[in-house]
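Scroll down for the structure; my scribbles are underneath it.
Only heavy atoms go into these numbers, but all of them, side chains included; no hydrogens, no water, no symmetry mates. Numbered from 1 within each chain, the chains take letters A, B, ... in sequence-line order.
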2 protein chains.
Amino acid sequence: MGRTASVDEAVVQARLAEVFRAGGYAGASLSALSAAVGLQRASLYHRFPDGKPAMARAVLQGIEAELQETLRPLHAEPDVAEGVAEMARRIARGYQDGRVACVLDTMTLTGAPDDITAHAARLARQWLAAMADASLRAGADPQQANARAQAALVRIQGALVVSRVLHDPSVFEQTLTELPALLLSDRRAL
Amino acid sequence: MGRTASVDEAVVQARLAEVFRAGGYAGASLSALSAAVGLQRASLYHRFPDGKPAMARAVLQGIEAELQETLRPLHAEPDVAEGVAEMARRIARGYQDGRVACVLDTMTLTGAPDDITAHAARLARQWLAAMADASLRAGADPQQANARAQAALVRIQGALVVSRVLHDPSVFEQTLTELPALLLSDRRAL
DNA sequence: GTCTATATTTGGATAGAC
DNA sequence: GTCTATCCAAATATAGAC
C-alpha cells in the first residue's frame, strides 16, 4: 500500500458497476461499493472526489465503452447475420446469461442524478440505432428497421427483468436465440 | 385529526406503492413514503408496526389484488379475444400508458427483503399462468401457450423499461397493441 | 494512494402528549 | 390516530496520519 494504486482503475469501475447494477443507484451504498472494490470509503473518495454521483458516472462511461464493443460487430462484420449473431453472444456474456440486471434499468429509477438518467437514455438510443442499421443492411425498410430494433431492445430488457424476477435465466437465453430472426428475417415479424 | 383515520387505508397503500414503484425498495425512504402519504413517519409506524418491510408487503398485497382484477377477463370473458383485449386495456391503465415502472422490476433489486422478492416471483407466475391459459383456450397447444405467455410478459416488462429509459411511452403503447396477436394468433408467432 | 478517525446528514424506529 | 420529540444506526463526506 504505497503511493501506487492497489487496484486497477478498470477493476474498480467494474466492481462499482456490479453494485450499481444489482441494487440501483439508491441501493448502492458507499459501504457496499467500498466492500466490493476492496478499498476503504475514504480511498474511493480519493479516486472520485465528487463522491457517489461521480462513481455512477464512471460506471456509465465503462458501460458505454462495453456497449460499443458489444455493438461493433453490427457494422464491422461484412456478413450482417454473423454480426447480429456475434452481438447476441456478447450480450449473453455481458449479462452473464441473464443472471444480472441491466444498468439502464436499475440505475435510472427515481433518485438517480439527472445526468445519469440522461446518459442511460443516450446509451439506449445508441443501441437502437446500431440494431436498426443492421436490420436495414439486412434488407428491411427504414420503418421496419426501427420497429425491429425497438422490439429487440424491448425483448432484451424484458427478458432480463423476467429472468431476474423468476430466478430463471432460461427466459433470457431463449429470448436471445430469437434475436437474429427478429432483426434479420424477411417475413413480417411482430 | 381525532382517533379516526385521516387517510383511507387503500389510499395509503396506493401512495406507498407509487414510491416503491418509482424508486425501488432501497429508494423508498421513510421520509419519501411519509411525504407521499401525507402522514408523519410515526403515523406510518402506527399503521405498520413492523416498519418499511411491512409497508412493502402491504404494497405487494395491493398489487396482487390489482393483478387479479387485471387478469380476471382472461378467464371470465366467454370470448377469449375480448378477454385478452380487456386485459391489455387494464394493463395500459395500471401502468399509466407506460409512464410508471413495474413493482415486480423495481422492488426486486438487491436489498429488498427475501419475502418481497419471493412474493414478486409468485405474482409473475400467476400472470404467466393466466395468459398461458387464455392462449390455450384460443387454440394453442400447451407448449405454445406457455411460450406465448412468457413472450408476452417479457414484452410488457421490456416495454416498460425501454419507455421509462427513453422517456417515450409510445414504446409501451405500441407493444400493448401487439399483445392480442401474440397470445391468440394461430400462426407461429415468435 | 490508502488508511483511521471523525464530522454531518439522512434513514429507520420508538416514546409519549394530545 | 396523529403528532412532536428523540434515539440510534447507517450513509455521505472530510481531515489528516502514514
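Here A:Ala32 lies out of heavy-atom contact (under 4.0 Å) with every strand. The residue A:Val7 sits close only to the backbone: its heavy atoms come under 4.0 Å of sugar-phosphate atoms, none of a base. Counting non-hydrogen atoms under 4.0 angstrom, A:Arg41 reaches a base of the nucleic acid.
Here D:dT12 is the nucleotide among C:dT4, D:dT12, D:dT2 with the atom lying nearest to any side-chain atom of A:Leu30. You'll find that the side chain of A:Ala42 is closest to D:dA15, out of D:dT2, D:dA15, C:dG12. Of the candidates C:dT14, D:dT2, C:dT2, C:dT2 carries the atom nearest the A:Ser43 side chain, counting heavy atoms from C-beta on. Residue A:His46 places its side chain closer to C:dT2 than to any other of D:dT12, C:dT2, D:dT2. Here the side chain of B:Ala5 is nearest to one of C:dG12, D:dT2, C:dT2, namely D:dT2.
With a 4.5 Å cut-off on side-chain heavy atoms, A:Phe172 and A:Leu160 count as touching.
A salt bridge is absent between B:Glu18 and B:Arg15; no separation between the charged side-chain nitrogens and carboxylate oxygens falls under 4.0 Å. Salt bridge status for A:Arg89 with A:Glu82: present, with a side-chain N to carboxylate O gap under 4.0 Å. Under 4.0 Å is where a charged nitrogen must lie from a carboxylate oxygen, and between A:Arg21 and A:Asp105 no such pair does.
Residue B:Gln40 is the one, among A:Tyr45 and B:Gln40, whose nearest nucleotide of DNA chain D lies closer to the 5' end (criterion: closest heavy atom).
When the C1' atom of C:dT10 is taken as reference, atom NZ of A:Lys52 falls 12 Å away, rounded to whole Å.
Phosphate contact (OP1/OP2 of C:dG11, side-chain N/O of B:Ser31, threshold under 4.0 Å): present.
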